[in-house]
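Each chain gets a letter, A, B and so on, in the order its sequence line appears, and its residues count up from 1.
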There are 2 protein chains.
Amino acid sequence: MPGVRYDAAMSRSRSATTHTQDTYERLRADLLACRLRPGARLTISDLCGQLGANLSAVREALSRLTSEGLVVAEPQRGFRVAPISADELRDLTAVRADIEGMCLERAIAAGDVGWESQLVAAFHRLSRTPEREPADPQRMNEAWSAAHSAFHEALVSACGSPWLLRLRAILYAQSERYRRLSVPLAEVARDLNREHQAIMEAALARDAGQARALMARHVELTTRVLLEQSWPVEEKRASGRRASRPAKEAVASAA
Amino acid sequence: MPGVRYDAAMSRSRSATTHTQDTYERLRADLLACRLRPGARLTISDLCGQLGANLSAVREALSRLTSEGLVVAEPQRGFRVAPISADELRDLTAVRADIEGMCLERAIAAGDVGWESQLVAAFHRLSRTPEREPADPQRMNEAWSAAHSAFHEALVSACGSPWLLRLRAILYAQSERYRRLSVPLAEVARDLNREHQAIMEAALARDAGQARALMARHVELTTRVLLEQSWPVEEKRASGRRASRPAKEAVASAA
DNA sequence: CTTGTTAGAATAATAGATTTTTTGTTGACT
DNA sequence: AGTCAACAAAAAATCTATTATTCTAACAAG
């Protein structure tokens, strides 16, 4: 009787992932997209409702996010979304420019034709994806965000050092939150495609110095845009709401 | 009646920290000291018994350690101590040499006399602490380990970049596991005090180039010692035990 | 003797209930 | 009026029970 094999296949496909893992990924996406606002209190029971998960799952997911620096835990007072600040942004940008540069240099030294091809493909996809939601130009297009991440990953994928790539990934995720906040601000002004293309061409030409310089400028430009806006992203504490919403500080995607 | 204030003070002192936090710290210490061996299966219920904690606390602690790369989670199969390998050690060492160098360079540029004093103090303590347990020279002295960590932290504390220091801390912790494994191997052969002193003196002399070079050599030496030992740290799988112990792969401190 | 199957035991994942701690509010007192 | 303590409501932390999955090993068939 082949019934058993069938059952096994079903159960395996049913739980390729675990409930906690799911919750973690959704929370992480909400954090990176700033749908959960920096500094906001994260009430476990609310999150359970919004994500359809239970206490344990949410708590575990938040614990993981704590070590990633996207959430902060305060001993008997629960979790908050990690705050942001101009100082941190400056620091983060400087460090990220260095680390991305190191990765890029190694990738340029070690990359083969497979790396080149994937890079070209990632650039093509990115350049053909609109940066903002066609319906609402204030909002970033999720597909663009994914393509942008994939392009930067392709650039450094031949780096050869798992640890360097891991550090890079941490910094990229942190920067993503700030990038999201800058989107509603800088309307146009900037030709991102040209910047990306220049970095790619320097990389393909194996000009490590030029590639690093362009990458550093690319990373720093987003930061400058955000810092020049008189820093409008501070957490507003206890400001009287206009009664249009309940007293939720944070609004997740899964409501 | 002042009874209330008294109660409040008591309850506050009773729970300066949370149970989960405790569990996390103890597990982390066990991991860094390799009392939990790389690759070993981490059975939640066993850990509960050894640490006197409950499921949730252990699970949360393990989740945090997962993002730190000290533990790996396998979807429906629980947690394992993160494995080690010669390849990873080589990578880790190279990256850590770079990052420590960057931190050191910045600290040398920015450090004031307070930094110098703390560095001298940390070196003094380290140099007066025996590296190995006097009773059992195969085992590393915990106090030395703490002093070593404090010395390296003092070296870079004036770095001025929280993110760079954070990356450094991740890499330092990872290296600590390998360092522990190398202790029973390299009997003497090496004058660590002299190495540390040389780095300190270069730093105090504000010779960034020299300090970086010495730091890199320092980091790489431990690695070389370990790699030259024909890599004796692989996880032994399912080798028949001599029946002296139960089938526990991992033995924690709190048994 | 090897390979594959299956029942049972062990363990991980999930869910929910209970206990502490914090927080916000009311009311007494200066 | 303003300050401080007691109380009540909310939320976090802890603990326990239940369900689902994996692992072990015994057993049957080739």
Side-chain angles (χ1 to χ4, degrees), chain A residues 1-25 40-64 66 71-80 237-238 240 246-250, chain B residues 1-25 40-64 66 71-81 237-238 240-241 246-250:
Chain A
M1 294 165 205
V4 174
R5 191 181 298 124
Y6 193 54
D7 280 358
M10 270 180 48
S11 71
R12 190 169 300 276
S13 75
R14 171 154 49 93
S15 68
T17 184
T18 179
H19 204 152
T20 300
Q21 183 69 16
D22 255 28
T23 306
Y24 163 77
E25 279 161 17
R41 188 112 188 260
L42 292 168
T43 307
I44 312 252
S45 49
D46 287 0
L47 259 35
C48 287
Q50 286 161 4
L51 301 167
N54 60 4
L55 284 311
S56 313
V58 171
R59 221 142 206 300
E60 272 181 53
L62 289 174
S63 298
R64 287 179 60 175
T66 295
V71 164
V72 291
E74 297 173 318
Q76 302 277 20
R77 305 169 55 187
F79 298 88
R80 311 178 67 83
R237 290 191 180 278
K248 290 263 178 59
E249 288 186 69
Chain B
M1 295 164 202
V4 174
R5 191 183 296 126
Y6 192 54
D7 280 359
M10 271 180 49
S11 71
R12 190 169 298 276
S13 75
R14 172 154 48 93
S15 67
T17 184
T18 179
H19 204 151
T20 300
Q21 183 69 16
D22 256 28
T23 306
Y24 163 77
E25 280 161 17
R41 188 110 187 262
L42 291 168
T43 307
I44 311 253
S45 49
D46 287 359
L47 259 33
C48 287
Q50 286 161 3
L51 300 168
N54 60 4
L55 284 310
S56 313
V58 171
R59 220 141 208 299
E60 273 181 51
L62 289 174
S63 297
R64 288 178 58 176
T66 297
V71 164
V72 293
E74 296 173 319
Q76 303 277 20
R77 305 170 56 186
F79 298 88
R80 312 179 65 85
V81 180
R237 290 191 179 276
R241 286 287 168 86
K248 291 262 177 60
E249 289 186 67

Could you go through nucleotides 8-11 of chain C and list every protein N or O atom that sits under 3.5 Å from one of its N or O atoms, giving the distance for each pair?
none

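- In this structure, the side-chain contact (heavy atoms from CB on, under 4.5 Å) partners of A:Ala57, at least two apart in sequence or on a different chain, are A:Thr20, A:Thr23, A:Ala53, A:Asn54.
- Dashed line: the shortest gap from a side-chain N or O of B:His19 to OP1 or OP2 of D:dA12 is not under 4.0 Å.
- As rounded to whole Å, 17 Å separates atom C1' of C:dT21 from atom CD of B:Gln21.
- Between A:Gln76 atom CD and C:dT22 atom P the separation is 5 Å, expressed in whole Å.
- For B:Asp22, the side-chain contact (heavy atoms from CB on, under 4.5 Å) partners two or more places apart in sequence, or in a different chain, are B:Thr17.
- In this structure, B:Asn54 atom CG and C:dG16 atom P are separated by 18 Å, rounded to whole Å.
- Nearest-nucleotide mapping onto DNA chain D: of A:Ser56 and A:Gly78, the residue sitting toward the 5' end is A:Gly78.
- Rounded to the nearest 0.5 Å, atoms OG1 (B:Thr18) and CZ (A:Arg77) are 14.0 Å apart.
- Considering CZ of A:Arg41 and CD of A:Glu74, their distance stands at 8.0 Å, rounded to 0.5 Å.
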With both pairing distances under 3.5 angstrom for Watson-Crick or G-U wobble, and | for a partner in another strand, the correct string for DNA chain C is ||||||||||||||||||||||||||||||

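- Considering only residues two or more places apart in sequence or on other chains, A:Glu25 meets the side chain to side chain donor-acceptor pair (under 3.5 Å) condition with A:Gln21.
- An OP1 or OP2 oxygen of C:dT14 is reached within less than 4.0 angstrom by a side-chain nitrogen or oxygen of A:Thr18.
- Nearest heavy atoms, B:His19 versus B:Gly52: NE2-O, 3.6 Å.
- Nearest heavy atom pair, residue B:Arg64 against residue A:Ser63, reads CG-O, 3.2 Å.
- Going from atom CG of B:Leu55 over to atom P of D:dT19 covers 16 Å, rounded to whole Å.
- Listed by chain and number, the residues in a side-chain contact (heavy atoms from CB on, under 4.5 Å) with B:Leu55 are B:Ile44, B:Cys48 (sequence neighbours excluded).
- Between A:Asp22 atom CG and C:dA15 atom C1' the separation is 16 Å, expressed in whole Å.
- Taking atom CZ on A:Arg80 and atom P on C:dT22, their separation rounds to 15 Å, with Å as the unit.
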